[in-house]
Protein chains: 2
Amino acid sequence: MSATIADIAKATGYSTATVSYALRGNPQVKPETAAKVREAAARLHYQGNASARSLRLGRSNVIAVAVHDLALPFSAELAHAISVALAPRGYQVFAQQTLFTGSNEETVLRELDHQFCDGTIFCSGELKPEQMKKITGSKPLVILDPSQPTDLYDSVYTPGHDGVYAAVSHLLSTGRRRIVAMGVAYRPYERIHDLTDVSSTRLTGCMDACRDAGVAFGPDNTAVPAQWTVEGAYDATMRLLDEGREFDAVYCLSDTVAIGVMHALHDRGIAIPDDVAVAGFDGIEAGRSAFPPLTTAAVDFDRLAATLADLLLRRIETPDAPIETRTANFTLEVRSSTRQ
Amino acid sequence: MSATIADIAKATGYSTATVSYALRGNPQVKPETAAKVREAAARLHYQGNASARSLRLGRSNVIAVAVHDLALPFSAELAHAISVALAPRGYQVFAQQTLFTGSNEETVLRELDHQFCDGTIFCSGELKPEQMKKITGSKPLVILDPSQPTDLYDSVYTPGHDGVYAAVSHLLSTGRRRIVAMGVAYRPYERIHDLTDVSSTRLTGCMDACRDAGVAFGPDNTAVPAQWTVEGAYDATMRLLDEGREFDAVYCLSDTVAIGVMHALHDRGIAIPDDVAVAGFDGIEAGRSAFPPLTTAAVDFDRLAATLADLLLRRIETPDAPIETRTANFTLEVRSSTRQ
DNA sequence: ATGAAAGCGCTAACAG
DNA sequence: CTGTTAGCGCTTTCAT
């Protein structure tokens with residue numbers, strides 16, 4: 001068992017109060033006393049007990065970050081960026097994954113974050129805000145890309161519509177006309193233009209870009225991978241080619257999907273971008289070093305992380321502050337996958 | 001503020017003891033009582049306080065995982081695999097990054113894991129085991145790839161020597177003769193063959209493979225990127241080409257390095273594998289979907305994670321068990337980057 | 001079957 | 001400048 005302040009008190013002859021003060025650097029303690037205490041603490045390999053401290057103080061200076069899957073580049077880069085953003089502000093980040101299942105999301109919200117951590121940054125999945133609210137009560141939480149607009153939590157959106165609009169407009173401006181949007185099934189514009197979930201906003205961004213360029217966009221302009229993964233996209237692309245669908249560009253609703261698409265095109269001997277241009281969304285590192293380097297609507301991870309951190313810390317410090325909703329920004333990174 | 005068991009006790013008229021029993025499913029409580037308590041708990045949105053529980057019990061069922069950088073594929077995939085391995089065993093995983101700096105490593109060890117978590121899986125960085133021991137005391141910890149052999153902690157090694165040996169032997173067996181090992185500076189065999197750090201074991205694996213094939217391996221067969229990153233490897237490869245070094249294969253000490261190398265070769269119009277074959281180490285997903293798909297000595301992440309988890313849980317349950325050292329296994333994944 | 005009470009380790013009034 | 005003490009929320013003897 002690790003040493004406690006009581007052990008140090010015993011060893012030095014001071015009270016636990018004085019030891020605590022000394023260890024926390026309270027200027028009231030005589031320097032000499034403080035030195036003795038610190039010496040004893042070092043000698044006994046004293047390590048403060050976070051549970052006790054957090055129980056007493058009601059805070060731990062720990063923030064939980066729940067991403068979809070730690071192994072997915074978007075999640076991984078986001079978790080990294082949030083850790084980096086919060087470190088200088090005195091918070092340590094604990095990252096967890098929900099693996100897209102509602103039960104894991106519940107666990108994350110219920111079991112621990114909510115109890116030990118001062119707040120949570122939560123990448124939205126299956127659970128709806130109302131369901132989450134029942135679990136988290138008044139604990140500070142910020143949602144990334146909530147599946148529906150909410151005034152229950154501060155929330156931040158990735159720039160799905162505008163990012164996709166910019167990327168698809170770029171494809172159209174380079175002369176592409178037969179675009180396949182890879183990621184989600186076609187739904188009529190009227191049914192989705194006011195939805196805020198990731199799939200819908202990205203799809204409407206694509207539709208708006210086509211419409212503004214006078215290019216038709218219908219069910220034949222979409223393809224649906226089983227999942228937004230490299231394999232899912234690879235298989236979906238192969239199916240597309242087997243069906244004989246004709247297209248001169250694939251706009252992928254995520255960079256991961258784009259990597260799978262390019263893999264499939266390579267395997268079929270289709271030149272990128274000469275035969276088919278490919279572009280994505282997210283701005284993950286893997287796109288930069290893909291072959292060819294992937295054009296993408298790149299979310300600014302650092303600023304996104306900073307925004308999430310700002311909102312959460314504000315909520316922690318000012319629980320009654322008005323709920324805010326923000327949208328992250330992006331940069332259209334034009335690389336060789338669309339540039340001839 | 002969240003409801004406590006005292007609130008439930010007040011609401012139901014039972015004592016906090018009974019409430020606690022009921023909530024934990026103690027069979028002694030009358031079913032009717034338990035039902036009432038659970039009802040009140042739900043109504044009050046009760047959430048147990050992890051700090052209090054952990055303070056009382058001396059354990060939290062949380063394991064800390066400290067990786068180098070959450071955004072790096074190897075770290076990310078490992079953290080993912082460990083989370084998956086520990087979930088069914090009743091442990092939640094908190095992932096953190098050390099960013100290769102000793103001070104962050106200290107923070108991770110000192111500030112929190114060590115205090116709130118029941119144990120730590122630690123990817124070795126700057127700190128030496130003795131230094132770590134001073135901080136962690138008797139808290140359960142398992143090291144991945146310690147920089148030097150240690151009997152202070154259970155430890156697991158990635159199969160650096162054997163994996164590289166297999167991969168380089170494969171390169172040689174396909175007729176390659178002028179191999180550049182990209183990742184670490186040349187050091188004479190005698191000076192490193194008994195070291196156990198990642199760089200040394202991988203380099204000796206390469207040397208042994210060459211020697212056994214009767215191929216010379218000297219300082220000219222190595223190249224050193226500034227870091228084991230895509231950019232570092234890209235730049236190092238460009239320098240190599242600018243210098244006019246001749247080679248027909250690059251063996252990269254990590255897959256991430258390999259991706260940077262292939263990027264540079266593409267940019268210079270060098271065909272892979274026709275002009276130069278490329279192979280790596282790790283087995284990250286990105287290698288599978290790279291162009292061309294990367295041959296690599298693939299660590300079995302799931303089994304590595306299971307081994308780390310096994311050792312840590314054993315240490316938690318049996319603190320005095322003898323220290324163990326294990327080595328993970330690998331599979332040589334031969335893909336197009338070396339196959340003509 | 002339920003309750004009273006102690007105590008995990010720590011911090012912060014408050015007192016001296 | 002230092003000590004006494006209460007109590008954060010929980011679990012668990014030990015009584016009843």
Side-chain angles (χ1 to χ4, degrees), chain A residues 1-38 40-41 44-62 110-112 114-118 137-139, chain B residues 1-38 40-41 44-62 110-112 114-118 137-139:
Chain A
M1 212 43 196
S2 209
T4 69
I5 55 168
D7 297 327
I8 302 179
K10 203 172 296 172
T12 56
Y14 292 106
S15 70
T16 59
T18 300
V19 172
S20 176
Y21 287 134
L23 256 25
R24 333 225 71 255
N26 186 316
Q28 304 231 5
V29 254
K30 194 174 11 171
E32 193 189 321
T33 308
K36 277 190 214 161
V37 168
R38 277 197 301 272
L44 299 174
H45 298 310
Y46 170 78
Q47 305 298 339
N49 180 310
S51 299
R53 185 149 208 274
S54 145
L55 176 59
R56 173 66 226 227
L57 293 177
R59 65 184 163 68
S60 58
N61 283 317
V62 173
R110 197 187 303 281
E111 294 289 324
L112 276 155
H114 179 55
Q115 310 166 329
F116 179 73
C117 301
D118 296 345
S138 59
K139 278 279 168 124
Chain B
M1 209 44 193
S2 208
T4 70
I5 55 167
D7 297 326
I8 301 180
K10 203 172 296 173
T12 57
Y14 292 107
S15 70
T16 58
T18 301
V19 171
S20 176
Y21 286 136
L23 257 23
R24 331 225 75 255
N26 185 317
Q28 303 230 4
V29 280
K30 195 167 21 166
E32 193 190 318
T33 307
K36 278 190 216 163
V37 168
R38 278 196 301 271
L44 300 174
H45 298 310
Y46 170 77
Q47 304 296 342
N49 181 309
S51 300
R53 186 151 206 275
S54 147
L55 176 59
R56 173 65 227 230
L57 294 177
R59 68 186 159 66
S60 59
N61 283 317
V62 173
R110 196 187 304 279
E111 294 288 323
L112 277 153
H114 178 55
Q115 309 166 329
F116 179 72
C117 302
D118 296 345
S138 59
K139 277 280 168 122

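Treat the numbers as computed from the prediction; the structure is a model and nothing was measured. Just so it is clear: chains get the letters A, B, ... in the order the sequence lines come, proteins before strands, and each one is counted from 1.
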Check your understanding: On a plain distance test, is the side chain of B:Tyr14 in donor-acceptor contact with the base of C:dA4 below 3.5 Å?
Key -> no
Could you check how far [atom1] of [X] sits from [atom2] of [N], rounded to whole Å?
X	N	atom1	atom2	answer
A:Leu23	C:dA12	CG	C1'	15 Å
A:Asn49	D:dG9	CG	P	16 Å
B:Tyr21	D:dA15	OH	C1'	11 Å
A:Leu57	C:dG9	CG	P	16 Å
B:Phe116	C:dC10	CZ	P	15 Å
B:Asn26	D:dT12	CG	P	9 Å
B:Arg56	D:dG7	CZ	P	19 Å
A:Leu55	D:dA6	CG	P	17 Å

Point to revise | Phosphate OP1/OP2 of D:dG3 contacted by A:Thr18 side-chain N/O (<4.0 Å) | key: yes
Review point. Below 4.0 angstrom from OP1 or OP2 of C:dT11, is there any side-chain N or O of A:Ser20?
Key: yes
Euclidean distance, [Y] [atom2] relative to [X] [atom1], rounded to 0.5 Å:
X	Y	atom1	atom2	result
A:Ser54	A:Asp118	OG	CG	7.5 Å
B:Leu55	B:Ser60	CG	OG	11.5 Å
B:Asn49	B:Ile5	CG	CD1	10.5 Å

Review point. How would you label the contact of A:Thr33 with the nucleic acid (heavy atoms, under 4.0 Å): base, sugar-phosphate, or nothing?
Key: sugar-phosphate
Exercise for review: Check every strand shown and say whether B:Thr4 touches a base, only sugar-phosphate, or nothing at a heavy-atom separation below 4.0 Å.
Suggested key: sugar-phosphate
Exercise for review: Report yes if some heavy atom in the side chain of A:Val62 is under 4.5 Å from a heavy atom in the side chain of A:Phe116; otherwise report no.
Suggested key: yes
Review point. Side chains of A:Leu23 and A:Ile8: does their closest heavy-atom pair fall under 4.5 Å?
Key: yes
Of all the choices, [options], which nucleotide is nearest to the side chain of [X] once you look at every atom?
X	options	result
A:Gln28	C:dT2, C:dA5, D:dC1	D:dC1
A:Val29	D:dT2, D:dC10, C:dA4	D:dT2
B:Lys30	C:dA1, C:dT11, D:dG3	C:dA1
B:Ser15	D:dG3, D:dC10, C:dG3	C:dG3

Exercise for review: Could you check A:Ser51 against B:Pro27 and say which one's nearest nucleotide on DNA chain C is further toward the 5' end?
Suggested key: B:Pro27
